[in-house]
K.L.:
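Sharing a structure below in structure tokens format, with a few things to ask.
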Amino acid sequence: MRLFVAVDLSDRLASSVADVQERFGGAPGLRFTDAEQAHVTLSFLGEVDDTRLDEVEQAVERGVDASGVAPFDATVGGFGVFPSLDYISVVWTGIRQGTGELNRLHEAIQAELVPLGFEPNDHAFTPHVTLARMDDARGKATVQRVVREEDPTVGSFRVDAVRLKRSELTPDGPQYSTVRRVPL
């Protein structure tokens, strides 16, 4: 199974996510994510053998407990890109409120997963919601302009759980399903 740990956005924010995606005007070379599946990834695990599912679920539970994070409100907004505006591979909207809690969850969950052999992030953790991936540079100028000039607010939502999620790659894009919900 291809697994990751995430916080899902509220379903009611899907239309707001789709609205901010439209600001890029269908720039060529951009492949948009499904707004209905919007989430903040806390840790990407990759391919995991089914026989390890129990130990992964327990590690996520221990991490959530160790984080000490209680339910909180998060606000999503603004634009950013990875790795830079000169070379864009991912377009995202950020977290304006709730970054401290998301960082604590990320750190505590990573601390439980790394000893199990999962690779730590090779870059600083930046809580975000991926809006699109840039497959080629045809729309680069449009993306640069929108990211520099616009600062939308997507909305706020209540974070009350972390989810271990499965990603199934399909011809229509990835489909996500929750394997385990861990309440805060």
K.L.:
If we only count heavy atoms from C-beta on, is the Thr41 to Val7 side-chain gap below 4.5 Å?
P.N.:
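Sidechains of Val7 and Thr41: no contact.
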
K.L.:
With a 4.5 Å cut-off on side-chain heavy-atom distances among I, L, V, M, F, W and Y, is there a chain of contacts connecting Val20 to Phe82?
P.N.:
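No; tracing contacts between hydrophobic side chains, which count when under 4.5 Å, never links both residues.
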
K.L.:
Taking atom CD of Glu112 and atom CG of Asp65, what is their separation to the nearest 0.5 Å?
P.N.:
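One finds 9.0 Å between CD of Glu112 and CG of Asp65.
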
K.L.:
Which is it for Ser167 and Arg2 under the side chain to side chain contact (heavy atoms under 4.5 Å, CB included) test, yes or no, and what are the steps along the way?
P.N.:
CA-CA 5 Å; Ser167 172; Arg2 191 168 185 253; 3.0 Å; yes

K.L.:
Please verify the inter-ring angle class for Trp92 with His128; under 30° counts as parallel, over 60° as perpendicular, anything in between as tilted.
P.N.:
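Judged by the thresholds at 30° and 60°, the geometry between Trp92 and His128 is tilted.
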
K.L.:
What heavy-atom pair brings Val17 and Ala38 nearest, and what distance separates the two atoms?
P.N.:
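In terms of heavy atoms, the two residues are closest at CG2-CB, 4.2 Å.
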
K.L.:
Indicate, with yes or no, if Leu9 and Val90 share a hydrophobic cluster defined by side-chain heavy-atom contacts under 4.5 Å among Ile, Leu, Val, Met, Phe, Trp and Tyr.
P.N.:
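In one cluster with Val90: Leu9, no.
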
K.L.:
Identify the heavy atoms of Leu113 and Ala59 that sit nearest to each other, and give their distance.
P.N.:
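The pair with the smallest heavy-atom distance is CD2-CB, 3.8 Å.
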
K.L.:
Cut-off 3.5 Å, side chains only: do Thr153 and Arg96 have a donor facing an acceptor?
P.N.:
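A pair is found: one side chain offers a donor N or O, the other an acceptor, under 3.5 Å apart.
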
K.L.:
Check Ala161 against Leu184 and note the closest heavy-atom contact, atom names and distance.
P.N.:
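Looking at all heavy atoms of both residues, the closest pair is N-CG, 3.8 Å.
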
K.L.:
Less than 3.5 Å apart, which donor and acceptor atoms pair up between the side chains of residues 140-150 and the rest of the protein, not counting sequence neighbours?
P.N.:
residue : atom : partner : partner atom : Å
Lys140  : NZ   : Asp86   : O            : 2.5
Gln144  : NE2  : Leu85   : O            : 2.7
Glu150  : OE1  : Arg23   : NH1          : 2.9

K.L.:
Identify each donor-acceptor pair in which a side-chain atom of residues 44-51 lies under 3.5 Å from a protein atom, sequence neighbours left out, and give them as a table.
P.N.:
residue : atom : partner : partner atom : Å
Asp49   : OD1  : Thr51   : N            : 2.9
Asp49   : OD1  : Thr51   : OG1          : 2.6

K.L.:
Rounded to the nearest 0.5 Å, what separates atom CG in Leu3 from atom CG in Leu164?
P.N.:
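With rounding to 0.5 Å, CG (Leu3) is 5.0 Å from CG (Leu164).
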
K.L.:
Between Gln37 and Tyr176 (side chain of the first, backbone of the second, donor and acceptor by atom type, cut-off under 3.5 Å), is there such a pair?
P.N.:
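Indeed, once roles are kept as given, a pair shorter than 3.5 Å links the two residues.
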
K.L.:
Sorted by first residue and then second, give each salt bridge (Lys or Arg N to Asp or Glu O under 4.0 Å) pair with at least one member in residues 175-184; sequence neighbours left out.
P.N.:
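Sorted pair list: Glu57-Arg180, Glu61-Arg180, Asp160-Arg181.
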
K.L.:
Transitively linked via ILVMFWY side-chain contacts under 4.5 Å: Leu116 with Met1?
P.N.:
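In one cluster: yes.
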
K.L.:
May I ask whether Val179 and Val60 are part of the same hydrophobic cluster, defined by side-chain heavy atoms of I, L, V, M, F, W, Y residues being less than 4.5 angstrom apart, directly or through others?
P.N.:
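The answer is yes; both residues are in one hydrophobic cluster.
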
K.L.:
Ala6 and Lys165: which non-hydrogen atoms are nearest, and at how many Å?
P.N.:
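Taking every non-hydrogen atom into account, CB-CD, 4.1 Å.
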
K.L.:
Grouping I, L, V, M, F, W and Y whenever their side-chain heavy atoms are under 4.5 Å apart, do Val81 and Phe32 come out in a common cluster?
P.N.:
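They do share one cluster, since a chain of ILVMFWY contacts under 4.5 Å joins Val81 to Phe32.
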
K.L.:
Donor-acceptor pairs under 3.5 angstrom involving side-chain atoms of residues 100-111: please list them, not counting sequence neighbours.
P.N.:
residue : atom : partner : partner atom : Å
Asn103  : ND2  : Thr99   : O            : 2.9
His106  : ND1  : Leu42   : O            : 2.6
Gln110  : OE1  : Ser43   : OG           : 2.6

K.L.:
Can you list, pair by pair, the side-chain donor-acceptor contacts under 3.5 Å of residues 69-79, counting residues two or more places apart and other chains?
P.N.:
residue : atom : partner : partner atom : Å
Asp73   : OD1  : Arg158  : NH1          : 3.3
Thr75   : OG1  : Gln97   : OE1          : 3.2
Thr75   : OG1  : Ser156  : OG           : 2.8

K.L.:
Among pairs that include at least one residue of residues 166-175, which meet salt bridge (Lys or Arg N to Asp or Glu O under 4.0 Å), considering only residues two or more places apart or in two chains?
P.N.:
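Non-adjacent pairs meeting salt bridge (Lys or Arg N to Asp or Glu O under 4.0 Å): zero.
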
K.L.:
So, for Thr33 and Gln21, which heavy atoms are closest and what is the spacing to 0.1 Å?
P.N.:
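Result for this residue pair: O-NE2, 3.1 Å.
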
K.L.:
Could you go through Val129 and His39, starting from their C-alpha distance and side-chain angles, then the distance that decides it, and tell me whether this counts as side chain to side chain contact (heavy atoms under 4.5 Å, CB included)?
P.N.:
CA-CA 6 Å; Val129 176; His39 63 273; over 6 Å; no

K.L.:
Please name the pair of heavy atoms, one in Leu30 and one in Ala132, separated by the smallest distance, quoted to 0.1 Å.
P.N.:
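Shortest heavy-atom contact: CD2-CB, 3.9 Å.
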
